[in-house]
Peer 1: 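Just dropping this structure here.
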2 protein chains.
Amino acid sequence: MTITQLYYVLAVAEHQNFTKAAEKCFVTQPTLSMQIQKLEDQLDVQIFDRSKKPIELTEVGKKIVTQARNIVNESYRIQDIVDQQKGFIGGEFKLGIIPTIMPTLLPMFLKTFIKRHPKVKLKIEELTTEEIIARIKDGHLDAAIAATPLEDENIKERVLYFEPFVNYIPKNHKLYGKEKIDSTDLEIEDMLLLEDGHCFRDGVINLCKVFKDHIDDKFQLESGSIETLIKLSNEGLGMTLLPYLHTLDIHEKEKENLHYFNDPPPAREVSIIYHKSELKMQIIEALQDTISGIIRGAIAFQDVKIISPLPK
Amino acid sequence: MTITQLYYVLAVAEHQNFTKAAEKCFVTQPTLSMQIQKLEDQLDVQIFDRSKKPIELTEVGKKIVTQARNIVNESYRIQDIVDQQKGFIGGEFKLGIIPTIMPTLLPMFLKTFIKRHPKVKLKIEELTTEEIIARIKDGHLDAAIAATPLEDENIKERVLYFEPFVNYIPKNHKLYGKEKIDSTDLEIEDMLLLEDGHCFRDGVINLCKVFKDHIDDKFQLESGSIETLIKLSNEGLGMTLLPYLHTLDIHEKEKENLHYFNDPPPAREVSIIYHKSELKMQIIEALQDTISGIIRGAIAFQDVKIISPLPK
DNA sequence: ATATTTTTATAACCTAAATTTATAAACATG
DNA sequence: CATGTTTATAAATTTAGGTTATAAAAATAT
């Protein structure tokens, strides 16, 4: 069994056609036929059902393809390791970003980064913290941007910036009259929260110092996006908290509803996180440099009180 | 880059010696020299520092080895998928067993297992829990039988049985007169223990609720086998604890020294443990079935109090 | 149906790569 | 400095991967 054979299997599985797959692999069709037959002989199992047109995978074939993809992808990482050693900044890079950071941060740094490092092919995916941690561990993500600290010994963190929370309080709310808010003013009962699974939700709950168990039944009003939260709040359904960067591009009229915290404001720590193996570290550092440089101009709070993003 | 080349790299990295590594791979030494050189040329990087004696990995080399191990292990899974599909239970299987389980459990299930699954080539090794965990993680063991729970997120456990502790109290001992022993009766000071590194030792220490640090100086009398422990105890050097299965085949005369615990008796949890990747799962399940079936007739305690095998 | 095109398998051949044997060079050790 | 050990190199051999040519099978068009 060779990596090449597995690669051929992937190509045929994808194109469902030996001839087209051969072209994609830059070899002739008999090469694929023979190599795949050889692999099937060695394993003594049919990977493809050639009676079906177009060709289909057998049941075992599907499992083999999944594993073959794994192996082929992992083999690419050997070259990545060498690139890193040589300080070569390029190649594919898979970055995860949590939903409450994505829409505000990405537009700020993406253009600058791809201009500065044109050889890097960024693939960005929006994922929850939980998904991000799993994918960093299994190697499907090279790095991610998330709220920290995560206290996971397999994952390293480099702080990019601290982002204070800002109160968004609609006019009918009892706290609206108060200019500056103290964290002790907050009551979890009339706070709009993101749906379960978002670490920003957990951060807010931690800020209110309520155990997660206690609030579950009291709250059904939950949303997946901060934009929706603002709209629900405008409808008088309660106050909410916004990450600072989100307050920069809300409508003029809605800005009247922003109430800042007393110093030091509660804040979330936003970091670039990656596997402790430090694969593709040169690209991670390039991202860190670009983002930190840009954020330095946008956020200028001195002292903040960091809130944990972890549940409970 | 081929899987074979990566496998050669792993062998040299492990043995720190081309000649020995070549033997383990069943090829000649020049094969390794040339293939590894070729890989180094293609990647344009040194994997090994040949100036050091014995040979060492370079910094990149270490990272490459980690990834190579990944790839080679994942490649084994292809054959595993085929075996599972065919319901084939066979091939080499490396099983580790801790010393305090080996002599009693192995004779009970080995004959039945090899009769039931003649195509499996079992390679059994006696190892401490610590060694077992390391070897399951680096792929040198397929599974092991040990006291659990281990609380290691890379290792999965399936409980085989609960084995109560039984007091072995020589005639001169102050507790000899007591028919049934309570765990609060135990005093670590006159208890004979296995030498350091055995999880059964740690289990007993946990049962006596003493911190490990406190007893180190008080005790030099330590043995590596339970047989020796019994003999030392007969000499009047103190009482000891035996795992239940060990009490089944001691001499008639010595059985008088056995004193059972009050219900529920303290017990160790014995499990078959394996890597979370679940390679060769069909053989693991075959082992589990055989052992559980046999033990069901030998141990019939209802309620037990499980003692942790972990130190401290 | 039959011819034509498309697709996969097989055969013969070629080339490149993996491996072996033999040997040289480098290194450590007594 | 001689000796044993270890790694590298060279030449020869075997094996594996690849190509071209072609046959067989299947799908499509006539």
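Sequence lines set the chain letters: A, B, ... in the order given, protein chains first and strands last, and positions in each chain run from 1. Quantities reported herein were computed from a predicted structural model and do not represent experimental measurements. Note that these values count all heavy atoms, side chains included, but never hydrogens, waters or copies made by symmetry.
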Peer 1: Going by the rule side-chain hydrogen bond (donor to acceptor under 3.5 Å, both in side chains), which residues pair with B:T112 if we only count those two or more places apart in sequence or in a different chain?
Peer 2: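 Once residues adjacent in sequence are excluded, B:T112 has no partner under the side-chain hydrogen bond (donor to acceptor under 3.5 Å, both in side chains) criterion.
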Peer 1: Just jot down the side-chain contact (heavy atoms from CB on, under 4.5 Å) partners of B:T66, sequence neighbours excluded, or say none.
Peer 2: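 Not a single residue meets the side-chain contact (heavy atoms from CB on, under 4.5 Å) criterion with B:T66.
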Peer 1: Which pairs, protein N/O on one side and nucleotides 5-12 of chain C N/O on the other, fall under 3.5 Å?
Peer 2:
| unit_1 | atom_1 | unit_2 | atom_2 | d |
| --- | --- | --- | --- | --- |
| C:dT8 | OP1 | A:F18 | N | 3.2 |
| C:dT8 | OP2 | A:N17 | OD1 | 3.3 |
| C:dT8 | OP2 | A:F18 | N | 3.1 |
| C:dT8 | OP2 | A:T19 | N | 3.1 |
| C:dT8 | OP2 | A:T19 | OG1 | 2.9 |
| C:dA9 | OP1 | A:R50 | NE | 2.4 |
| C:dA9 | OP2 | A:S33 | OG | 3.1 |
| C:dA9 | N7 | A:Q29 | NE2 | 2.9 |
| C:dA9 | N6 | A:Q29 | OE1 | 3.3 |
| C:dT10 | OP2 | A:Q37 | OE1 | 3.1 |
| C:dT10 | OP2 | A:Q37 | NE2 | 3.2 |

Peer 1: Roughly how many Å is it from NE2 in B:H15 to P in D:dT5, rounded to a whole number?
Peer 2: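 Between P of D:dT5 and NE2 of B:H15: 18 Å.
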Peer 1: Just how far, in rounded Å, is P of D:dA16 from CG of A:L39?
Peer 2: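 A:L39 atom CG is separated from D:dA16 atom P by 14 Å.
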Peer 1: What does B:F48 touch in the nucleic acid at a heavy-atom separation under 4.0 angstrom: a base, only the sugar-phosphate, or nothing?
Peer 2: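 Touches nothing.
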Peer 1: Map A:S51 and A:F26 onto DNA chain D by nearest heavy atom, then report which one ends up closer to the 5' terminus.
Peer 2: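 Between the two, 5'-proximity favours A:F26.
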Peer 1: Is any side-chain nitrogen or oxygen of B:T31 closer than 4.0 Å to OP1 or OP2 of C:dT20?
Peer 2: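 True: B:T31 side-chain N/O within range (under 4.0 Å) of C:dT20 OP1/OP2.
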Peer 1: A:D41 CG to D:dA16 P: how many Å, rounded?
Peer 2: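 My rounded result for the distance is 13 Å.
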Peer 1: Tell me: CD1 of A:I3 to P of C:dA17, nearest whole Å?
Peer 2: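 Taking CD1 of A:I3 and P of C:dA17, I get 16 Å after rounding.
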Peer 1: In whole Å, I'd like the distance from the CD atom of B:E40 to the C1' atom of D:dT9.
Peer 2: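 B:E40 atom CD is separated from D:dT9 atom C1' by 16 Å.
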Peer 1: So, using side-chain hydrogen bond (donor to acceptor under 3.5 Å, both in side chains) as the criterion, who are the partners of B:Q35 when residues are at least two apart?
Peer 2: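 B:Q35 satisfies side-chain hydrogen bond (donor to acceptor under 3.5 Å, both in side chains) with B:Q5 only.
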Peer 1: Using side-chain heavy atoms (C-beta onward) and a distance below 4.5 Å, is A:K119 in contact with A:I89?
Peer 2: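 In short, these two side chains do not touch, never coming nearer than 4.5 Å.
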Peer 1: Report the distance from atom CD1 of B:I36 to atom P of C:dA17, rounded to the nearest whole Å.
Peer 2: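 Rounded to the whole Å, the gap is 18 Å.
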Peer 1: Over how many whole Å does the gap from A:Q35 atom CD to C:dA17 atom P extend?
Peer 2: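 In whole Å, C:dA17 P lies 14 Å from A:Q35 CD.
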Peer 1: What donor-acceptor contacts under 3.5 angstrom involve side-chain atoms of residues 39-48 of chain A, with partners at least two apart or in another chain?
Peer 2:
| unit_1 | atom_1 | unit_2 | atom_2 | d |
| --- | --- | --- | --- | --- |
| A:E40 | OE1 | A:R50 | NH1 | 3.2 |
| A:E40 | OE1 | A:R50 | NH2 | 3.0 |
| A:E40 | OE2 | A:I47 | N | 2.8 |
| A:E40 | OE2 | A:F48 | N | 3.2 |
| A:E40 | OE2 | A:R50 | NH1 | 3.3 |
| A:Q42 | OE1 | A:M1 | N | 3.4 |
| A:D44 | OD2 | B:K86 | NZ | 3.3 |
| A:Q46 | NE2 | A:F48 | O | 3.4 |

Peer 1: Run the side-chain donor-acceptor check on residues 16-24 of chain B: report pairs under 3.5 Å with partners two or more places apart or on a different chain.
Peer 2:
| unit_1 | atom_1 | unit_2 | atom_2 | d |
| --- | --- | --- | --- | --- |
| B:Q16 | NE2 | B:I55 | O | 3.3 |
| B:N17 | OD1 | B:T19 | N | 2.8 |
| B:N17 | OD1 | B:K20 | N | 2.9 |

